[in-house]
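Residue numbers start from 1 in every chain, and the chains themselves are labelled A, B, ... in the order their sequence lines are given, proteins ahead of strands.
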Amino acid sequence: MNKKDLIGHLETIAVYMEIKGENPFKISAYRKAAQALEYDERSLGEIDEAGTLKGIGKGTAALIKEWRENNGETELMNTLTEEVPEGLIPLLKLPGLGGKKVSKLYQELDITDRDSLEQACLTHEVQSLEGFGAKTEQKILEALAEEGKRPERLPIAYMLEMAQKLEASLETVRDVRKYARAGSLRRVEESVKDLDYIMSVKDAEHVRKQLVELPEVAKVINDGTSKVSIEIKGEYNVQVDIRLVEEEDFASTLHHFTGSKDHNVQMRQLAKERNEKLSEYGIEDKDGRKTTFQDETEFYAHFGLYFIPPEARLGRGETDTFQEPYPYIEKKHIRGDLHMHTTWSDGSLSIREMVEEVKKHGYEWLALTDHSKYLRIAHGLDEDRIRRQMEEIQNVREKEKNIQIFAGIEMDIRPDGTLDIDDDVLKELDVVIASIHSSFSQSEKEIMNRMEQALKHPEVNVIAHPTGRLLGRRDGYKVDLDRLMKRAGETNTALELNANPNRLDLSADWLRKAAEHDVRIAINTDAHNSGMLDHMDVGISIAKKALLQPDQVINTMSAEQLKKWLQHKKQ
DNA sequence: GCCGTTTTCGGCCCGACTGTTTTCAGTCG
């Protein structure tokens with residue numbers, strides 16, 4: 001019985017109520033209550049009175065009390081499940097079907113699940129219903145056939161790749177003034193449903209024609225005057241929504257379609273308080289006079305706010321935070337990259353080549369951190385090869401006066417909790433990153449024992465990819481992150497934000513917590529080739545989402561400061 | 001169902017698109 005179960009309970013109530021045709025505001029009240037619980041950092045045990053949370057009133061507070069006392073059951077939910085067949089719930093996910101339509105299908109045609117829906121479509125009973133038609137029926141059949149073929153949302157790593165490919169094509173479209181990413185891609189969410197773009201055009205008609213004829217288009221979904229939706233080909237096909245706007249509306253539209261939805265709701269409330277109406281086209285005062293903006297900075301300034309980075313537009317209080325200038329971390333603060341691999345283990349560039357690539361990023365320093373010997377598959381380094389690598393690093397150092405090179409290792413924490421490299425060698429290295437690459441299925445106790453051995457070791461500076469997750473593929477090992485953060489704070493060990501978009505480990509939510517524990521964060525690309533060094537941008541985005549400040553991130557230190565910090569634990 | 005320094009009642013974000021209609025409801029983001 002945890003908070004997640006309760007949140008699920010409230011959300012399920014909302015879903016059932018949609019089919020029952022309840023007042024939409026009542027339905028959204030249950031969703032808001034679920035959200036209030038989700039955004040509260042405390043566990044359920046720590047929340048005494050749920051009714052004190054904004055968005056939870058008397059009614060829901062009583063329901064939560066009942067839920068707690070009744071082992072996760074409530075009278076309301078029991079009634080709802082009696083009244084609404086369970087098989088209707090998944091039908092809400094089919095595109096084009098909402099509560100009203102599903103309810104009608106149930107009441108008029110006795111449809112209770114996907115099979116009876118399919119039957120009714122095949123016998124054309126559906127198209128005879130009021131408000132339905134032949135097209136609706138056909139679309140339902142198509143949706144049923146497509147169902148389950150692709151996950152609803154895809155991992156950001158996949159979507160970034162799709163976006164980059166598409167953008168190469170968008171560059172060739174004529175009569176476009178400029179375009180920008182919007183939506184969850186621009187907010188750099190961990191998973192993304194579809195790709196959104198805002199495009200300022202000289203000739204909308206001409207641009208539309210070119211867009212629907214791009215070579216990667218699999219299907220045109222809709223083709224309106226201000227919005228073109230296409231599906232592009234890939235391992236999974238992806239929907240792309242492109243809004244075509246006039247130059248003067250670009251900033252407002254970009255803001256609107258960057259979202260998040262919750263952020264927009266908060267912004268519209270601010271507008272309303274000022275007797276203005278906010279929409280994608282900008283701001284209208286009560287006399288219908290429209291204000292437009294050069295850019296989003298101007299847009300926010302209109303509301304007395306400082307620019308809120310897209311990643312942090314979550315509807316979680318940022319419209320309060322940014323009433324004052326907030327010193328969030330940015331690319332310009334980053335002075336080095338602390339985690340990368342060369343041909344000495346499983347990287348694809350030599351030391352010299354890697355250093356050349358890193359220099360292109362304008363950093364002051366870098367750390368080379370190949371794998372250690374336990375990771376045989378990656379040709380990890382033993383003590384002897386570490387010493388030889390240090391010699392080569394020294395040779396490169398002597399020729400490289402413009403960038404400081406730290407010698408490091410990404411050392412395995414073995415399954416029994418012992419560390420993979422002898423202490424006397426660790427002492428000679430500048431940077432030691434410790435990480436888990438094996439026995440992922442161990443119990444939390446065993447995993448935490450391994451973490452503990454690394455944390456308390458005086459030579460270990462950073463714990464890499466603390467949860468071991470791979471987005472969309474693997475959950476990671478059972479780590480008690482609260483405990484890990486507490487101990488990282490006590491031992492002055494940094495935790496990694498692995499910037500690889502397949503990992504994003506730690507997540508933004510845990511980074512916020514780490515900051516509360518006063519834990520230092522290392523934004524690491526874990527680069528195995530030159531292109532992966534660019535993942536620093538993704539890492540910075542996640543750090544922005546967590547509203548990390550420069551002094552919480554060790555990449556912002558100068559080489560001298562970092563040297564000092566690396567020594568600090570040993571004293 | 002929630003909320004309130006104009007309010008304890010009457011609002012609750014806003015607009016586009018589709019498919020159904022023949023002026024609009026439902027869905028979606």
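- Sorted by first and then second residue, the side chain to side chain donor-acceptor pair (under 3.5 Å) pairs involving residues 86-112 of chain A (not counting sequence neighbours) are K93(A)-E152(A).
- Taking atom CG of L129(A) as the reference point, atom C1' of dA25(B) lies 15 Å away to the nearest angstrom.
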Reading nucleotides 1-7 of chain B from 5' to 3' and marking B where a protein heavy atom lies under 4.0 Å of the base, S where only the sugar-phosphate is that close, and - otherwise, the string is BSS----
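- For T136(A), no side-chain nitrogen or oxygen approaches OP1 or OP2 of dT18(B) to under 4.0 Å.
- With ring centers used as reference points, Y300(A) lies under 6.0 Å from H255(A).
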Every protein N/O within reach of nucleotides 14-16 of chain B N/O, cut-off under 3.5 Å:
residue	atom	partner	partner atom	Å
dG15(B)	OP1	K277(A)	NZ	3.1
dA16(B)	OP1	Y281(A)	OH	3.4
dA16(B)	O3'	S226(A)	OG	3.4

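- Judged by a 6.0 Å distance limit and a 45° cone about the ring axis, R243(A) is positioned over the six-membered ring of F257(A).
- Here A134(A) lies in heavy-atom contact (under 4.0 Å) with sugar-phosphate atoms only.
- Taking the six-membered ring for Trp, H256(A) and H263(A) have ring centres at least 6.0 Å apart.
- Non-hydrogen atoms lying under 4.0 Å from DNA chain B are contributed by nothing in residues 109-117 of chain A.
- Residue K261(A) places no side-chain N or O under 4.0 Å from the OP1 or OP2 atom of dG29(B).
- Listed in residue order, the members of residues 178-199 of chain A having a heavy atom less than 4.0 Å from DNA chain B are K193(A).
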Let me have the donor-acceptor pairs involving side chains of residues 535-547 of chain A, under 3.5 Å, with sequence neighbours excluded, atom names and distances please.
residue	atom	partner	partner atom	Å
D537(A)	OD1	K331(A)	NZ	3.1
S541(A)	OG	E311(A)	OE2	2.7
S541(A)	OG	D537(A)	O	3.3
K545(A)	NZ	R187(A)	O	2.6
K545(A)	NZ	E311(A)	O	3.0

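- Applying the 90° criterion around 0 to the glycosidic angle, dT20(B) comes out anti.
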